[in-house]
Amino acid sequence: MQYDAIHHHSVTEPEAFWAAQAGAISWYQAPQQILSQDDQGFYRWFEGGLLNTCYLALDHQVAQGRGDQVAIYYDSPVTQTFERFTYQEVLTATAQFAGVLRDLGVEKGDRVIIYMPMIPQVMVAMLACARIGAVHSVVFGGFAAHELALRIDDAKPKVVLTASAGVEFDKIIPYAPIVRAGIAEAEHKVDHVVLYQRWFKKAELEETGFLDWTLLQRSARPAECVPVLATDPLYILYTSGTTGKPKGIVRDNGGHAVALRYSMEHIYGAKPGDVFWAASDVGWVVGHSYITYAPLITGCSTVLYEGKPVRTPDAGAFWRVIADYKVNVFFTAPTGFRAVRKEDPEGKFRQLYDIRSLRHLFLAGERCDISTLEWAQQLLDIPVIDHWWQTESGWPMLANPVGIELLPIKPGSAGKPVPGFDIQVLDEGGHPMPDGSEGAVVIKLPLPPGCLPNLWGNPDRFRAGYLDPFPGYYFSGDGGYKDADGYVFITGRMDDVINVAGHRLSTAEMEEIVSAHPAVAECAVVGIEEDLKGQQPVGFVVLKSGVTISDAVLEAELIQMVREKIGPIACFRRAAVVKRLPKTRSGKILRKIMRNIADGKTFAPPSTIEDITVLDEMRDLMGELHIGVAFR
Ligand code: COA
Ligand code: AMP
């Protein structure tokens with residue numbers, strides 16, 4: 001069957017479609033109901049089914065004869081460590097570490113926070129939680145102690161898992177002080193912290209009370225898989241929303257396993273035994289789904305890469321890894337390719353490696369500009385596929401489903417709706433937009449398996465943010481349009497979320513921090529276009545009257561405050577003092593207009609604007625300070 005027929009079947013008969021897909025994974029007990037609604041009215045998949053995600057990823061693969069196959073290629077150019085671990089080896093380590101967690105009192109349903117760099121132990125930690133039915137929450141290493149504290153207070157973990165250090169290019173980042181500060185700031189008190197000592201940077205454990213990972217693991221008895229319900233949570237992954245408080249996206253076990261297994265073969269065209277590389281970080285959803293779970297559940301070998309696209313050591317890093325492990329499917333963010341192109345525009349490094357194993361390149365996480373897509377296409381001479389998804393969905397919603405059929409590629413579009421997703425573009429009143437006209441990108445309920453069933457401990461926010469804006473639909477937060485062939489073009493967020501180097505950040509959260517500075521009366525942080533990272537946050541601040549502080553000192557202090565609270569990953573590097581902000585007569589700050597000025601886009605100021613002359617002031621200031629692509 002070809003794409004159109006499969007997609008049609010998936011959205012008109014979702015229960016029959018997903019019942020068939022559920023047969024591709026191994027259950028302890030088959031689901032009693034394929035689709036149901038819980039007592040809050042939220043859709044749930046595979047109710048009554050019993051399974052274990054770690055079992056699917058490891059034990060089942062070994063039982064199928066994959067014990068000696070490489071499960072993880074660990075490639076760390078920053079530490080010059082290159083290792084490979086078979087399925088049997090990962091299973092042994094995971095069962096043992098699951099025993100460590102169990103001995104520390106972690107039980108089914110308990111939460112465990114993981115704040116670790118890209119080392120094999122982080123995957124073992126995630127899988128060990130899954131093995132005993134504990135709920136992990138991985139926090140990206142680029143976040144500061146405050147962000148960790150927010151997540152500790154929301155998830156209320158029994159245990160925090162960490163390592164002594166991460167490496168960013170040639171910079172060593174000690175993790176223990178960040179974990180200590182996060183724990184000290186959080187109100188919730190964790191029972192234990194377990195730390196993995198890396199050879200090049202040891203943490204002083206005695207004064208911290210942290211436990212040594214390796215010592216505990218050495219003496220632990222392995223733990224068996226604990227069957228969990230399909231609807232039980234596997235993990236919580238926090239993502240930025242439109243307030244300062246991150247949202248805990250919940251992923252269940254059953255829908256997740258079925259959706260990921262389906263996506264590997266039908267979207268990515270990957271089969272058991274293939275080598276799959278997602279060059280991301282386990283702290284992001286791409287890392288959860290396509291570094292850890294999907295490749296292992298499918299019996300592929302996954303690549304865990306602790307390096308960057310460039311300068312580790314050069315712009316040939318991608319091609320070197322693909323050649324070394326004979327990668328078949330490669331997935332990364334457009335920023336990674338932009339970084340390579342900037343350093344090696346003619347693609348000279350690519351000629352040094354044999355990358356004939358590579359069948360497809362997938363790009364996601366941010367808007368993919370056409371010139372990057374075409375550059376990659378020319379360089380690699382394979383299909384380069386832009387596809388669209390979110391932390392909330394956990395797997396692609398728009399794509400070119402190469403495992404079903406390779407559809408014609410339309411640069412600028414993230415493809416067609418993936419089977420299971422009935423994607424529509426609506427106006428503010430909920431009416432379908434004509435082809436070519438921009439509106440809100442929504443998905444008709446029910447969402448397919450694998451997508452978030454709820455927010456952790458916050459059903460009201462789930463309802464208000466995702467379900468209430470367009471009754472009967474899930475609101476993605478993105479704007480976009482469809483063309484006459486059914487391709488969807490994503491044009492960007494409709495809210496205060498921005499995307500910097502494929503990393504999702506909240507400008508509202510940055511505004512909260514900036515406005516806490518004693519000199520600042522009010523401020524707006526907007527995400528403006530940037531060549532390498534796609535977007536960059538810039539703060540515009542109005543001073544309190546009577547305050548005297550130099551612009552340069554204030555800018556440096558604000559940059560430091562955001563770095564300390566959110567972390568270096570916020571990439572907040574510009575702040576400008578303005579006399580006033582553009583506002584409507586009712587006092588609403590016109591952030592979109594500021595963005596448009598910086599990006600050099602034409603726009604019609606709203607009739608409700610308080611004073612139109614403020615726009616010229618903004619334009620002059622941005623020109624003077626070279627803020628935005630329009631003023632370079
Ligand atoms: N732990 C600690 N700090 C981290 C970190 C981590 N895991 N990841 C990033 N940071 C820090 C960086 O060191 C940098 O700090 P600095 O301000 O002290 O230099 C800051 O956060 C910003 O990092 P980044 O945006 O990654 O910029 P960069 O200049 O270090 O690297 C690229 C630029 C293009 C090489 C890099 O952004 C990249 O590899 N992008 C691809 C993105 C990607 O794969 N996204 C996947 C999402 S699907
Ligand atoms: P995250 O939850 O971090 O994965 O970020 C999700 C957001 O990234 C989406 O809501 C989009 O705004 C953006 N995004 C992801 N993939 C694409 C894509 N292919 N094209 C355009 N925007 C994308």
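Order of listing sets the numbers, starting from 1, for every ligand and every atom in it. Nothing here was measured: the structure is a model prediction, and the numbers come from that model.
Of all atoms in ligand 2, listed by their number and element, those nearer than 4.0 Å to a heavy atom of Thr391 are 1 (P), 2 (O), 3 (O), 4 (O). Those atoms of ligand 1 with a heavy atom of Gly502 less than 4.0 angstrom away are 47 (C). Each of the following atoms of ligand 1 lies closer than 4.0 Å to a heavy atom of Phe169: 30 (O). Within the listing of ligand 1, atoms 16 (P), 17 (O), 18 (O) sit less than 4.0 angstrom from a heavy atom of Arg563. Set against the non-hydrogen atoms of Thr335, the atoms of ligand 1 under 4.0 Å away are 34 (C), 40 (N). Residue Ala279 approaches ligand 1 through these ligand atoms, each under 4.0 Å from one of its heavy atoms: 44 (O). The contact set between ligand 2 and Ile490, taken as ligand atoms under 4.0 Å from a residue heavy atom, comprises 21 (C), 22 (N). Atoms of ligand 1 found under 4.0 Å from any heavy atom of Pro309, numbered from 1 in the order shown, are 35 (C), 39 (O).
Arg632 and Glu530 are not joined by a salt bridge, as no carboxylate oxygen comes within less than 4.0 angstrom of a charged side-chain nitrogen. Checked for salt-bridge contact, Arg350 and Asp344 miss the test: no charged N lies under 4.0 Å from a carboxylate O. By the 4.0 Å N-to-carboxylate-O rule, Lys245 lies close enough to Asp154 to be salt-bridged with it. A salt bridge does not link Glu509 to Arg504: none of the charged side-chain nitrogens sits closer than 4.0 Å to a carboxylate oxygen. A salt bridge is absent between Glu438 and Lys482: the closest approach of a Lys/Arg side-chain nitrogen to an acidic carboxylate oxygen does not fall below 4.0 angstrom.
Looking at Gly141, Pro117, Ala144, Gly166, it is Gly141 that brings a heavy atom closest to atom 1 (N) of ligand 1. Between Met397, Glu366, Glu392, it is Glu366 that holds the heavy atom closest to atom 14 (N) of ligand 2. Comparing Ala364, Ser280, Ala317 by heavy-atom distance to atom 46 (C) of ligand 1, the nearest is Ser280.
Between the side chains of Tyr268 and His387, a donor-acceptor pair is found at a separation under 3.5 Å.
Residue Gln390 has at least one nitrogen or oxygen atom sitting less than 3.5 Å from a nitrogen or oxygen atom of ligand 2, judged on distance alone. The shortest N or O to N or O distance between Trp284 and ligand 1 is not below 3.5 Å. Polar contact with ligand 2: absent for Ala414 (N/O pair, distance under 3.5 Å). For ligand 1, the polar-atom distance check against Glu168 finds a nitrogen or oxygen pair separated by under 3.5 Å.
With a heavy-atom cut-off of 4.0 Å, Asn499 touches ligand 2 through its side chain alone. Residue contacts with ligand 1 for Val286 involve side-chain atoms from C-beta outward but no N, CA, C or O (heavy atoms, distance under 4.0 Å). Residue contacts with ligand 2, taken as heavy atom pairs separated by less than 4.0 Å, involve Arg493 solely via side-chain atoms from C-beta onward. Contacts between Lys533 and ligand 1, counted as non-hydrogen atom pairs separated by less than 4.0 Å, involve the side chain only. Under 4.0 angstrom from ligand 1, there are no non-hydrogen atoms of Glu343. Only the side chain of Lys171 comes within 4.0 Å of ligand 1, judged by heavy-atom distances. With a 4.0 Å heavy-atom cut-off, ligand 2 is reached by no atom of Trp284.
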Stepwise, does the side chain to side chain contact (heavy atoms under 4.5 Å, CB included) test hold for Val327 with Val303? CA-CA 8 Å; Val327 171; Val303 181; 4.2 Å; yes
List the steps and the verdict of side chain to side chain contact (heavy atoms under 4.5 Å, CB included) for Trp375 and Thr372. CA-CA 5 Å; Trp375 182 79; Thr372 300; 5.5 Å; no
Between His136 and His288, is the ring-ring contact (aromatic ring centres under 6.0 Å, His included) condition met? List the steps. CA-CA 11 Å; His136 63 69; His288 280 63; 5.6 Å; yes
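Residues meeting the side-chain contact (heavy atoms from CB on, under 4.5 Å) test with Ile173, sequence neighbours left out: Glu168, Lys171, Tyr175, Ile178.
With a 6.0 Å cutoff to the six-membered ring centre and a 45° limit on the axis angle, Lys416 does not count as a cation-pi contact of Tyr3. For Arg320 and Phe349, the positive end is not near the middle of the six-membered ring at less than 6.0 Å and at most 45° from its axis.
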